[in-house]
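By convention in this document, chain letters (A, B, ...) are assigned in the order of the sequence lines, proteins followed by strands, and residues within each chain are numbered from 1.
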Amino acid sequence: MRAIEILYRLITLSLNIMSEKEIPKTYDAFKVEDTIYKAWESSGYFNPDNLKGAKDSFTISMPPPNATGFLHVGHAVMLSVQDLVIRYQRMNGKKALWLPGTDHAAIATQTAVEKLLKKEGKTRHDLGREKFLKRVEEYVENSRDTIRNQIRKIGSSCDWSRERYTLDKGLTTAVNEAFVQMYEDGLIYRGHRIVNWCPRCHSTLADDEVEYKPAKEKLYWIKYGPFTLATARPETKLGDTAVAVHPDDPRYKKYIGKKIMIPGVLGEFEVTVVADKAVDREFGSGVIKVTPAHDFTDYEIARRHNISMKQVINEDGKMMENCGKYHGMKTRECREAIVKDMQKMGLIKKIDEDYDHNLSVCYRCGEVIEPLPSEQWFIDVNKKLDRFGGRTIKEESIRVVKNGDIKIIPERFNKTYFHWMENLRDWCISRQIWFGHRIPVWYCKDCKENKKYKMGFHQDIVPQLYSGKTITYRLKPKDFKADDQVAFENSQTKEIIGYGIIRNIKETTVGKLPLDNKAHGATYNKIEELIDAFKKHYHNLKVSENTKAYVIEYEFKQGKLTKPIVLRDKPVCCSQCNCKTLEQDPDTLDTWFSSGLWTFSTLGWPEQAKDLKTFHPTQLMETGYDILFFWVARMIIMSTYLVREVPFEKVYLHGLVRTKSGEKMSKSKPETVIDPLDVIKEYGADSLRLSLLIGSTAGNDVKLYKEKIAGYRNFVNKLWNISRYVLMTVKKPELIEKLPKAETSSDKWILQRLAQVTEQVSRDLESYNFSNAGEVLRDFTWNDFADWYLEISKVEKSKDDILLYCLQSLLKLWHPFMPFVTESIWKNLSDDFLMIQKWSELKSKSDIKIENDFEIIKQTIIALRNLRAEHNIEPAKKLKAVVIAKSKVKLIEENKDVVLKLARLSDLQIEKTSKKPAHSASTLTSGVEIYLPLEGVIDIKKEQNRLEKEKEQLEKYIKGFEQKLSNKGFVENAPKEIVKVGKEKLLTAKENIKKLEQQIKDIK
RNA sequence: GGGCUUGUAGCUCAGUUGGUUAGAGCGCCUCAUUGACGUUGAGGAGGCCAGAGGUUCGAAUCCUCUCAAGCCCACCA
């Protein structure tokens, strides 16, 4: 670490020395970026604990990339935006924490390792669970550094000392704790239900992990007892247990409730005819066959009518033993075979080819999903919870967004979010893969063998969870707030007599009785009632009057209250039979279950860690809109439930990165993919960041292509050269503490503009308008500062302080956008890091005169340049010009040298009143008349035409205004200011047209 | 089927709560250039703001409809 710093100082030093002689003409990002990053990292300033004087915290949880992944442009966007925000907040005096990490990405990683094994001719089952997991861990460990270093490449100023991994110990504890709390609250349950099953991944999938693909399928019309009905999946006929019709359909009323024998390929079977509104009378024949085990709608129908289910497809996607001769066939094969057999029996009436159908496929591997019944763990999204005052997790998640605790940017995604939440079904959280967080539940072997299923929908095994043991931590009074969980301790015996939830500190404390595993909580509205309940519950415990006083005393007089956390241990024996033959549930949890805890599990939850208090809730969640549901919604569910806090205050959703023609970049089309690392190598990280930040707005896709990146590379180089010029021109490169004094019109103007731009940029960054901030800054840097002020500084000279002041301000303002080049220039001004400099709070004065004055000079110069260009006068030729300046004589005189130089004049004659030189090209600007006497040189005809054209335009303009001003409605209704300005403009325009007319006359 | 977004210069996009003659960058054209920068400078051309209707004194901006491009959700056998 030290060595790096020394190396860095050396480079800095050499840069400093160079600045006195020569700074390279071109900025070479490749040469400096890694060194600068190492210096930042070893400075310790990525860690907010080292930011002295910082007060409020500002936290961003980095969405964890897959531990085995590679950096792609999607990451590049997220890292650029987040780094921009965190750097701005750090400079703005916040205790800025950007917490990095990686995700174990259960299915994706396991699949990757299985592919490797396949090359060796093995499956995971050959290795066994333990060995396989070891193999996966090795694989992860080997590739995790790749993504870590790639994150660094882009300049991410995240706190690596706090880096987390979803499978590390603390996070696993958090997952277990979350599971147990949810189970105890009745929020997590186990059920034998129909789920989305991927036969290739050999696992369940959540509803939103299923994708739909349009496909042309065959639709079979089959004879079904007295009915004819259509199906796309005739093989499921083997699992039919009912037939459903619409309750009001007169055609089938007589069958409702009857049991009917249906002829089939394996002989007759019995179905019940039920009436259900889910049936569409208009579609097909208005009759559907019901296969509860292999179709979601059918499952619901069966449940409503208490119909049993018959599973015929197994977890390999093959027909089961109960399918007779079809046993062992894949569903597709079976479909063909069964159709043939049915045709032979005359059961097929007709077949529609090209039936438009949506195939449900696995979002990971693309395999067709088989819905099938399975014993799985679910989160009950409709369970009313005491914690939420009777609301469900769904309702609570909607509430925190509705009431503004969480703000989604852009706002339109609220609608999508609400819609998704409102329609959320129970979330299946168990996965049949090995890699991931194993479900913290044990079953007793003995009890399991005696398990009994009721109706196929319930089961009655009692799972053994991690059992709880309460330990306590001391709390400081300021840490105590409403909704905290607290333990009540007898002040004399020091014994914990219970814990509860504080609802309102000041007056009434509502507590919830606890408890131990068995007792269920109740809610009390007064502290006295709570104490009484304690007394009742703990028969043997003497609750002294002290205890009561103690709690109340705490609120006002700093008593001693403690807050419990529960450490979980594996259960030792079965709670039913006391035997010790326990085995853990073989399944693992959905990746999104642990990701849902990310904002707080990474900060130490479930312990009452200091970081959790300091940095949670986080301020910003920045991620792509494509994972609003997968992830963002789940974090909101988990955090509101487990921590009773929103996980973040704002959600900024960025768009997808597309190619220039708007195509999605996809691995399957390598030519569309831009590799951020290649870009960094060729153009530098700063250029990449700018191309992703400027021109992209929240929720909208951003197009990335070489020309764009090259454009920003040019800009980075421009800034480098601006700095190079300033550093080489000034007597001594140094930081300027105080706002320098402005002498000339241009000085006043540039400082005024700088202040305006600073304000605008701060405003934009605060309100997440990053693109606009960048654009405003670029315009100022390139146009105002480089093209005007620097050029003027060559004429007016001795502007060291202002040049340096502007430069240092620019570097600060640009730093969050392009940290590398700004930091490397900064080294010429100071030994401190730019990264931790204080953000500029320059305020602009509302002084219109400053702007107007300089505007006149600017316009005069531009007008002279135009005259030259229009008459094809070569730029090298120095000209004499006459300016009739009226009231602005003094101003023009003061800036005479500037005008001479920038307009390439040999002489400028400044007159107060009209005394037009003959044979001149002329123009008007800002109340100043400009003449370029060019006897014999200018083309009279051309000049005449030009003036006529100008006149025409002006006439049109005046006409428009006159119309407007003669309109009664406008004069009466428009704001006075608008009317007043309009009148003034009309007047000047009229004056100008008179002058034009005169000029046209004169020129003849 | 439901919902959302987008449509402004050849291309990529700005355009705040409606208010002068609609802006920028790139590209194009003309010219310049050894003194910070050719990864540059000066100037120019180029737009019925997708279309139609409406509200208004006034619409790129608000409302309705139409057309086009795209996205998300749901899903019926």
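Considering only side-chain N and O atoms, A:K703 lies nowhere under 4.0 angstrom from the phosphate OP1 or OP2 of B:U6. Between A:S696 and B:C13, a side-chain N or O to OP1/OP2 separation shorter than 4.0 Å is absent. A:N714 has a side-chain polar atom (N or O) that falls below the 4.0 Å cut-off from OP1 or OP2 of B:U40. Between A:N423 and B:A74 there is no side-chain N or O to OP1 or OP2 distance below 4.0 Å.
Between A:E370 and A:R233, at least one side-chain N (NZ, or NE/NH1/NH2) sits under 4.0 Å from a carboxylate O, which counts as a salt bridge. Contact check on A:E791 versus A:K794 returns a salt bridge, with a Lys/Arg side-chain nitrogen under 4.0 Å from an Asp/Glu carboxylate oxygen.
The base-pairing partner of B:A77, taking Watson-Crick or G-U wobble contacts with both distances under 3.5 Å, does not exist among the strands shown. Across the strands present, B:C62 finds its partner in B:G54; the criterion is a Watson-Crick or G-U wobble pair with both atom distances under 3.5 angstrom. A 3.5 Å limit on both hydrogen-bonding distances identifies B:U12 as the Watson-Crick or G-U partner of B:A24. Shown here, B:C71 forms a base pair with B:G3; the pair counts as Watson-Crick or G-U wobble because both key distances fall under 3.5 Å.
Between A:Y789 and A:F785, the two ring planes are parallel [angle under 30°; tilted spans 30° to 60°].
Residue contacts for A:Y212: at a heavy-atom cut-off of 4.0 Å it reaches a base atom on one of the strands shown. Within 4.0 Å of A:A786, counting heavy atoms only, lies at least one base atom of the nucleic acid.
Ring centroid separation for the pair A:F715 and A:W814 comes in under the 6.0 Å cut-off.
Taking atom CD1 of residue A:I722 and atom P of nucleotide B:U40, one finds them 11 Å apart after rounding to whole Å.
On the C1' atoms, B:A9 is 28 Å away from B:C63, given to the nearest whole Å. When the C1' atom is used for both B:U64 and B:C26, the distance is 38 Å, rounded to whole Å.
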